[in-house]
**Student:** 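Please see the structure below; I have some questions.
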Amino acid sequence: MSSLAVSQAEPVAGTAPGTAQSRPPLRRRIALIPTVTLFLGAVYCLLPVAWVVIAATKSGSELFSTFTFLPGTGFADNFQDLSAYRDGVYWSWMGNSALYAGLGALLSTCVSAFSGFALATYRFRGRETIFNVLLAGVLMPPVILAIPQYLLLAKADLTDSYLSVLLPQILSPYGVYLARIYAAAAVPADVVEAGRMDGASEWRIFTRIALPMMIPGMVTVFLFQFVAIWNNFLLPYIMISDDEKFPITLGLFTLLEQGANTPALYTLVITGAFLAVLPLVALFLVIQRFWSLDLLSGAVKS
């Protein structure tokens, strides 16, 4: 009994006298700092999204008279008013954005795949110079290129057309950079040489051997480029004057400007912004599924 009492009175090795044994170590508390930081960052990013989602459910009277994060009852009316505004011009803007972003991202992904594979596989004079120029293009802000692009397309009489928004988006320095890095890592040189020894043409090697290995990386390039074109505002603002060809970003901007004189349009702007986010969310969920399948299939094949 005396030895048991002594053992209970003695402090546990490695703990200071009077310190609770259940107190978490300092290392564990320090490890919580990244988690708390990520949580605060997520709240900072998602709070505006939550506001848009909730505000889209409010009518014009509820928008300025109720609590900020209290849902309203006017989403159906807002949706009907938005669809009826100028004979459904909002859906024309959505269709234009789908055209610009979908076709532009697809063409940009193809160009990035061709260029990245060539820069990663072939050895030729000036290859590193071209790659360094591409890196400089990655670091260059798009606002610097907007005016020169407008002047070039104006000389070709292509401004205020769909091509004026599509053509500048086809070549993406960042997409080519990603494709080059991914092709160098995913396409073994031995496989390419084996295809050449079997008599396959360079085009067949790219389409039948290299491209299937590059699909996960190209999905990433497509997603990044689609989001960039969908959210692009400056280039359409400079190139297009016909509002029937506006993308959704420029269309909502003009609608917001009109809302300064007509406050009733604010609910349409908020509802339109909410609906404009949904295609991006749906695309990300769909592409993420195929992205995961491609990565898993590549791991199984390897």
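All heavy atoms count here, side chains included; hydrogens, waters and symmetry mates do not.
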**Student:** Rounded to the nearest 0.5 Å, what's the gap from CD on Glu62 to OG1 on Thr73? Could you check?
**Tutor:**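 Rounded to the nearest 0.5 Å, the CD-OG1 separation comes out at 4.0 Å.
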**Student:** At their closest point, which heavy atom of Pro173 faces which heavy atom of Gly137, and how far apart are they?
**Tutor:**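 Smallest interatomic distance, heavy atoms only, reads CB-C, 3.9 Å.
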**Student:** Linking I/L/V/M/F/W/Y whenever their side-chain heavy atoms sit closer than 4.5 Å, directly or via other members, would Leu285 and Val277 fall into one cluster?
**Tutor:**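 Leu285 and Val277: one cluster.
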**Student:** So how far is it from Ile248 CD1 to Phe253 CZ, rounded to the nearest 0.5 Å?
**Tutor:**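 Those atoms lie 14.0 Å apart.
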**Student:** Enumerate the residue pairs fulfilling salt bridge (Lys or Arg N to Asp or Glu O under 4.0 Å) with a member in residues 163-189, sequence neighbours excluded, ordered by first and then second residue.
**Tutor:**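 Every pair satisfying salt bridge (Lys or Arg N to Asp or Glu O under 4.0 Å) with a residue in residues 163-189: Glu128-Arg180.
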**Student:** With a 4.5 Å heavy-atom cut-off, do Pro216 and Tyr182 have their side chains touching?
**Tutor:**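 The answer is yes; the side chains approach within 4.5 Å.
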**Student:** Please find the pair of heavy atoms, one from Lys245 and one from Ser161, that lie closest to each other, and give the distance.
**Tutor:**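 Of all heavy-atom pairs spanning Lys245 and Ser161, the closest is NZ-CA, 4.2 Å.
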**Student:** Determine whether Phe131 and Tyr122 fall in the same hydrophobic cluster, where Ile, Leu, Val, Met, Phe, Trp and Tyr are linked whenever their side-chain heavy atoms lie under 4.5 Å apart.
**Tutor:**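 Yes, because Phe131 and Tyr122 connect within a single hydrophobic cluster, where side-chain heavy atoms sit under 4.5 Å apart.
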**Student:** Rounded to the nearest 0.5 Å, what separates atom CG in Leu153 from atom CG in Leu235?
**Tutor:**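 Leu153 CG to Leu235 CG: 8.0 Å, rounded to 0.5 Å.
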**Student:** Got Asn132 and Leu135 here, is their nearest side-chain heavy-atom distance under 4.5 Å?
**Tutor:**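 Yes; the side chains approach each other to less than 4.5 Å.
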**Student:** Asp160: which residues meet the salt bridge (charged side-chain N to carboxylate O under 4.0 Å, His left out) condition with it, sequence neighbours left out?
**Tutor:**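 By the salt bridge (charged side-chain N to carboxylate O under 4.0 Å, His left out) rule, Asp160 matches no residue at all.
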**Student:** Going by side chain to side chain contact (heavy atoms under 4.5 Å, CB included), name the residues that satisfy it together with Ile147, two or more places apart in sequence or in a different chain.
**Tutor:**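 Ile147 satisfies side chain to side chain contact (heavy atoms under 4.5 Å, CB included) with Leu151, Ile238 once adjacent residues are dropped.
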**Student:** With sequence neighbours excluded, give me every ring-ring contact (aromatic ring centres under 6.0 Å, His included) pair touching residues 143-173.
**Tutor:**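 Sorted pair list: Tyr100-Tyr162.
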**Student:** Side-chain atoms of residues 223-232: list all donor-acceptor pairs with protein atoms under 3.5 Å, sequence neighbours left out, distances to 0.1 Å.
**Tutor:**
{"from": "Gln225", "atom 1": "OE1", "to": "Ser172", "atom 2": "OG", "distance (Å)": "3.3"}
{"from": "Gln225", "atom 1": "NE2", "to": "Gln169", "atom 2": "O", "distance (Å)": "3.0"}
{"from": "Trp230", "atom 1": "NE1", "to": "Ala276", "atom 2": "O", "distance (Å)": "3.3"}
{"from": "Asn231", "atom 1": "ND2", "to": "Val227", "atom 2": "O", "distance (Å)": "3.3"}
{"from": "Asn232", "atom 1": "OD1", "to": "Leu234", "atom 2": "N", "distance (Å)": "3.4"}

**Student:** For atom CZ of Arg125, decide whether the heavy atoms of other residues, nucleotides or ligands shown that lie under 6.0 angstrom number more than 12.
**Tutor:**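 No, not enclosed.
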**Student:** List the steps and the verdict of side chain to side chain contact (heavy atoms under 4.5 Å, CB included) for Ile54 and Leu70.
**Tutor:** CA-CA 7 Å; Ile54 295 174; Leu70 182 65; 5.9 Å; no
**Student:** Let me see the working for Ile240 and Ser164 under side chain to side chain contact (heavy atoms under 4.5 Å, CB included), right down to the final yes or no.
**Tutor:** CA-CA 8 Å; Ile240 301 176; Ser164 64; 4.2 Å; yes
**Student:** Name every donor-acceptor pair, under 3.5 Å, that has one atom in a side chain of residues 74-82 and the other anywhere in the protein, sequence neighbours excluded.
**Tutor:**
{"from": "Asn78", "atom 1": "ND2", "to": "Ala56", "atom 2": "O", "distance (Å)": "3.1"}
{"from": "Asn78", "atom 1": "ND2", "to": "Lys58", "atom 2": "O", "distance (Å)": "2.7"}
{"from": "Asn78", "atom 1": "ND2", "to": "Gly74", "atom 2": "O", "distance (Å)": "3.1"}

**Student:** Give every donor-acceptor pair under 3.5 Å between a side-chain atom in residues 43-51 and any protein atom, sequence neighbours left out.
**Tutor:**
none

**Student:** Ile209, Met197: one ILVMFWY side-chain cluster at the under-4.5 Å cut-off?
**Tutor:**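 Each belongs to a different hydrophobic cluster.
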**Student:** Would you please name every residue forming a side chain to side chain contact (heavy atoms under 4.5 Å, CB included) with Phe114, sequence neighbours left out?
**Tutor:**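 Phe114 satisfies side chain to side chain contact (heavy atoms under 4.5 Å, CB included) with Cys110, Trp203, Phe206 once adjacent residues are dropped.
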**Student:** Calculate, to the nearest 0.5 Å, the distance between atoms CG and OG1 belonging to Asp242 and Thr159 respectively.
**Tutor:**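 So the CG of Asp242 and the OG1 of Thr159 are separated by 12.0 Å.
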**Student:** How far apart are the closest heavy atoms of Leu63 and Ala55, and which atoms are they?
**Tutor:**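 So the minimum-distance heavy-atom pair works out to CD1-CB, 4.0 Å.
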**Student:** Same cluster or not: Met239 versus Leu152, using hydrophobic residues (I, L, V, M, F, W, Y) connected whenever any side-chain heavy atoms lie under 4.5 Å apart?
**Tutor:**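 Cluster IDs for Met239 and Leu152 differ.
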**Student:** Sequence neighbours excluded, which residues qualify as side chain to side chain contact (heavy atoms under 4.5 Å, CB included) partners of Ser115?
**Tutor:**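 Val111, Val176.
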**Student:** Is it true that, when you exclude Tyr237 itself, more than 12 heavy atoms of the residues, nucleotides or ligands shown sit nearer than 6.0 Å to its OH?
**Tutor:**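 No.
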**Student:** Roughly how far, to the nearest 0.5 Å, is CD of Glu193 from CD1 of Ile205?
**Tutor:**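 Spacing of CD1 (Ile205) from CD (Glu193) equals 8.0 Å.
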**Student:** Of all the heavy-atom pairs spanning Pro188 and Ala186, show the shortest one and how long it is.
**Tutor:**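 Scanning both residues completely, I find the closest heavy atoms to be CD-O, 3.3 Å.
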**Student:** Using the salt bridge (charged side-chain N to carboxylate O under 4.0 Å, His left out) criterion, which residues pair with Arg127? Sequence neighbours excluded.
**Tutor:**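 Scan of Arg127 (salt bridge (charged side-chain N to carboxylate O under 4.0 Å, His left out), adjacent residues dropped) gives none.
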**Student:** Which pairs with one or both residues in residues 200-212 pass salt bridge (Lys or Arg N to Asp or Glu O under 4.0 Å), sequence neighbours excluded?
**Tutor:**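 Pairs touching residues 200-212 that pass the test: Arg196-Glu202.
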**Student:** Taking CG in Asp87 as the centre, count heavy atoms belonging to other residues, nucleotides or ligands within less than 6.0 Å. Is the count above 12?
**Tutor:**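 12 or below, so no.
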**Student:** Side-chain donor-acceptor pairs under 3.5 Å in residues 88-96, sequence neighbours left out?
**Tutor:**
{"from": "Tyr90", "atom 1": "OH", "to": "Gly272", "atom 2": "O", "distance (Å)": "2.7"}
{"from": "Trp91", "atom 1": "NE1", "to": "Ser83", "atom 2": "OG", "distance (Å)": "3.1"}
{"from": "Trp93", "atom 1": "NE1", "to": "Asp243", "atom 2": "O", "distance (Å)": "2.9"}
{"from": "Asn96", "atom 1": "ND2", "to": "Ser92", "atom 2": "O", "distance (Å)": "3.2"}
{"from": "Asn96", "atom 1": "ND2", "to": "Glu244", "atom 2": "O", "distance (Å)": "2.8"}
{"from": "Asn96", "atom 1": "ND2", "to": "Phe246", "atom 2": "O", "distance (Å)": "3.0"}

**Student:** Give, for atom CG of Leu252 and atom CD1 of Ile270, the distance between the pair rounded to the nearest 0.5 Å.
**Tutor:**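 Here the rounded value is 11.0 Å.
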**Student:** Is there a path of hydrophobic side-chain contacts, each under 4.5 Å between heavy atoms, that joins Leu38 and Val36?
**Tutor:**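 No, Leu38 and Val36 fall in different hydrophobic clusters.
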**Student:** Crowded around Tyr177 OH? As in, over 12 foreign heavy atoms under 6.0 Å?
**Tutor:**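 Open.
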**Student:** Working note: Ile130 + Val133, criterion side chain to side chain contact (heavy atoms under 4.5 Å, CB included); need CA distance, chi angles, decisive distance, verdict.
**Tutor:** CA-CA 5 Å; Ile130 295 175; Val133 170; 5.7 Å; no
**Student:** Check this for me: Phe69, atom CZ, are more than 12 non-hydrogen atoms of other residues, nucleotides or ligands nearer than 6.0 Å?
**Tutor:**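 Enclosed.
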**Student:** With a 4.5 Å heavy-atom cut-off, do Leu119 and Leu134 have their side chains touching?
**Tutor:**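 Leu119 vs Leu134: side chains touch.
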**Student:** Between Thr121 and Ala118, is there a donor-acceptor pair closer than 3.5 Å when you use the side chain of the first and the backbone of the second?
**Tutor:**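 Checked: no pair found.
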